[in-house]
Every structure is written in structure tokens, then in C-alpha cells.
Amino acid sequence: MTPAPRTLELFYDVLSPYSWLGFEVLCRYKKLWNINLQLRPSLIAAIMKDSGNQPPALLPRKAQYLQNDIRLLGQHIQVPIQLPKDFFSVILEKGSLSAMRFLTAVNLEHPKMLEKVSRELWMRVWSRVRTELWEPAWETLDGVLTLPRTISSILVLPFPLFTGLLVPRLHPLHLLPAVFSSSQDEDISEPKSILAAAEKAGMSTEQAQGLLEKISTPKVKNELRDTTNAACKYGAFGLPVTVAHLDGQTHMLFGSDRMELLAHLLGEKWMGPVPPAINAKI
Amino acid sequence: MTPAPRTLELFYDVLSPYSWLGFEVLCRYKKLWNINLQLRPSLIAAIMKDSGNQPPALLPRKAQYLQNDIRLLGQHIQVPIQLPKDFFSVILEKGSLSAMRFLTAVNLEHPKMLEKVSRELWMRVWSRAAEKAGMSTEQAQGLLEKISTPKVKNELRDTTNAACKYGAFGLPVTVAHLDGQTHMLFGSDRMELLAHLLGEKWMGPVPPAINAKI
């Protein structure tokens, strides 16, 4: 009998590009490792303030470095992340309070939707590729054959579809039909943008609207504040923060680049940021 | 016939614990990957100043985090690194100017010794298990006399400036020269990404030696 799954908490904010990278890696591994992944929507701005830290992009050389780092990591980790040139003004001016309150509401009422809605919000801030062209879910062969949007990928790309080795497909832009998307960097502080993200994630308009109406309620505000405070209590000075609960010990790991170390702590196998799906436990 | 090895420059300072971790991983992989590893002793204090950055340990929560992070990474990467409780005062008060000038002199006169002497210095700063690097007393003495010469001072300054030109705001910095492009990677935690850029296989921070090219 397998031992009890270990709990991992992932504190994240959609305003944080590195949070997206860490999120995708952990979502892939939650099917492969004996873990229970708890997503914890948080506010990075509040964590910065509480810890006395500053966003790295405020230092010119770090801002310069981040652009390349995120681009390269996006390619390596296969996440369609693209920092617009003015990415830092996106962070500063728009903020993420509404978006993170919305995700908090999703977590309270429809927790199973949290992963998809989070992903849609990141796509809106940090990607120019529409979600229907990038399918991050691990699909069975059945799924590939029945989803019409992926058929163009079968025709266009030489992927080894029948080997059982399926990876998230990031379609090369030049191979796509003309109906391909334009820029996605839409304002996630706008209610209509949040609604659009929720609907794209599979929520009905009614569900999404209902949750949007709740984002200013004390319950949601308090929950987001409590989650953010929990991250601070763990010692966070930024995001993403992964907290692993192991054998009575708590390990706080900062950054999207501590996943191999996490594997080591869990006694699990690290197979890179894009692990093969065939090892998935059924 | 194998293609020409790709040049990697590793800018480091013995005052930087993460530099030691990155250094050890690259030293292991230089036998396994088709690379030419060039060690570039630099001054982290000068890079901080030039970039306007500050040592992370100045922020209390980062200082707290670093202690655990380095301990866990040391175990995972199998480097006997131990941060003393007052590690930050070690950094602030002692500095590394003499040590890095010494390594610069080693690099100028006995470059094949640079790896071992660097490791020995790290061991002295960050580990309680000091080893001997195998340098004779005369060699060491001669080098100590040279560390304040203009040649050595200039070389250290030039190397540090090179790191700054690559965009460094801290150390370690690994610069990979690939197909006419230059990639600057910051931190000891970009080695798997480096493997991806090189088209080489990442086998974790402690790769098996049996894959070594003979």
C-alpha cells in the first residue's frame, strides 16, 4: 500500500512570470509523484511590502536579465510565456488584486477549476498564444482524436502521436492557419477580462459572474489576506513559494528553479521540466 | 570527428557560496560535455557596486532563507558547504580582495592549479573540512608576493569588468558561447538550462563518472 501523499503548497500570483513556470512543472508532476498539490493564490505585492523586498525588475541589470531568463526558461520548460517590453509597467500599474481575489473565490467555491482558471489568467498577462493552440493537459490518445482543435496539430506537426509519449504542444507560429491569435496581453484588472479567462477555462457565464460579484466580500478578501500571510509566515520574500510538508518538517523553497531539489527532498525522480506522461500513475 | 568544444566562462568569487556550488557542478560536467571551461576569478563586491545591487543577505528574510537553501543544496549537490551563523559578517568584514588577487595570480602563472586552489579557498571560508591543494610552500609564497602587482590587480579588475559587461549583478555567472551567440546565466541553478542550450544531457548535479569521455 502506497504511503500517504505528501502535501505541497504552492503560493503564487498571476503577476509573477516565474510563478507560472513553477506552477506548470508542479502540475505535471502531481500525476507522477506521490503528492497532494494545494494551490494557494497569493498577492506578491503584499509579500514584497511585508518582507521589505523589492521587485527584481527595479534594478536595471536584473530587468535586462529577466527578459532573457524567462524567454529561455519558457522554451526549456515549454510554457508559452512572452514578456512584453513594458512588462514591468504591467506589473506596477495594473496589479493583480482583482485577479487574485477572483482565484481565491474560485478556490473557495469551485476548487477543481482553480488550475485551469489560473492558467487562463497567466495566458492573458504573459502569453501571445491562445490556449486552444497550446494544450497543457496530459491527453490520452482518445482525447487527441476527439478534440477538433488539435487535429490541425496532427496534420501540421510531426509529433509522435502514437507512441504514448505526449508532451504539451507549443505550435510553431509559422505553421498555423491565419486564424491565429494576436496579442493576448489583456488587462486582467478589468472584470470583463477576468470573466473571459474564466469562461475559457470552462466556467459558465453564470458561474463566473457569480464569483466576480463575490470578490469584494469580506470572506474572499480575508481568505486572500490569510493565504498571503501564511506565505509570509513561511518566510516568503517573493513568489513562487513551494512549501513541502515531509516527515513532520516543513521546507520552504523559493523560485521555479528548486523543483529538482524538491524531488531530492521527496525522494522522487526528477525527469526534467517536461516529464514523459507514460510514467503517470493511473 | 567531434565538433569544436564550446567555451564556457565561469565568473566566481570565493566569498560567494552559490559560486562554489556552480563551480563544482561545472567541474564535474567539463569531463562529460563538449566544453572548454574557463575559470574567471572576479570580485563580487565590485559587481554589486557597479550594478547597484545589494547582497541578498541584507534582507532579513533572504538571509534566513539562504541558510537553509545552501544547506539543502549542499546536500543535494554533495558539496560540504556549511554557512556559519555569522556568515554575513564573514562576507562584509573579511572581503575577498586578497583571495581573488591570489587566484588571479594563480591563473596567470599556474592556471592548471586554479581549480584546486579555488576549491581550497572555498573550503577554508565555507567548510570545516579543509584539504591541502598540493601547492608547494615556495609556490604559495611567491604568489602571495605578487598579488599586489599592477599586473594582477589589473587582471582582476578586467575580469570583473568583463562580468559586468555581460550584465552581471551578482555571482556566479556562467557565459556560454554558442553558435555566435552569447548566453549569460546567473546562479548555480541554471545548469540544467545550460545543458538544454548546449544540447547536452543533464544528469543531475552529481553525474555518474562512468559516462566520462576517455
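In this text the structure is predicted, and so the values were computed from the model without any measurement.
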Exercise. Around atom CD of B:Glu115, are there more than 12 heavy atoms of other residues, nucleotides or ligands at under 6.0 Å?
Worked result: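 Yes, enclosed.
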Exercise. For chain B, which of A:His76, A:Arg258, A:Gln75 has the most heavy-atom pairs under 4.5 Å?
Worked result: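 Of the options given, most contacts go to A:His76.
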For this session: Give, for atom CD1 of A:Ile77 and atom NE2 of B:His196, the distance between the pair rounded to the nearest 0.5 Å.
Result: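 Rounded to the nearest 0.5 Å, the CD1-NE2 separation comes to 9.5 Å.
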For this session: Anything in residues 62-72 of chain B with a heavy-atom distance to chain A below 4.5 Å? Please list those residues in order.
Result: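 Hits under 4.5 Å: B:Lys62, B:Tyr65, B:Asp69, B:Leu72.
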Problem set entry | Residues in residues 148-160 of chain B that sit under 4.5 Å from chain A, counting heavy atoms only |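 The list, in residue order, is empty: none.
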Problem set entry | Contacting moiety of B:Leu59, where chain A heavy atoms sit under 4.5 Å |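 The side chain, not the backbone.
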Problem set entry | Interface moiety of A:Leu265 toward chain B, non-hydrogen atoms closer than 4.5 Å |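 A:Leu265 touches chain B through side-chain heavy atoms alone.
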Problem set entry | Residue A:Ala263 versus chain B: region with a heavy atom under 4.5 Å |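 It is neither, since no heavy atom gets under 4.5 Å.
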Exercise. Excluding sequence neighbours, so at least two apart, what forms ring-ring contact (aromatic ring centres under 6.0 Å, His included) with A:Phe254?
Worked result: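 Partners of A:Phe254 by the ring-ring contact (aromatic ring centres under 6.0 Å, His included) criterion, ordered by chain and then number, come out as A:Phe237.
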For this session: Residue by residue, scan residues 241-251 of chain A and write down, ordered by number, those that have a heavy-atom distance under 4.5 Å to chain B; if none do, write 'none'.
Result: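 Residues A:His251 are the ones that qualify, each having a heavy atom under 4.5 Å from chain B.
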For this session: Of all the heavy-atom pairs spanning A:Arg61 and B:Gly167, show the shortest one and how long it is.
Result: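 Shortest heavy-atom separation between A:Arg61 and B:Gly167 comes out as CD-O, 3.5 Å.
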Problem set entry | Shortest non-hydrogen contact between A:Glu260 and B:Gly204, atoms and distance |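 Shortest heavy-atom separation between A:Glu260 and B:Gly204 comes out as OE2-CA, 3.4 Å.
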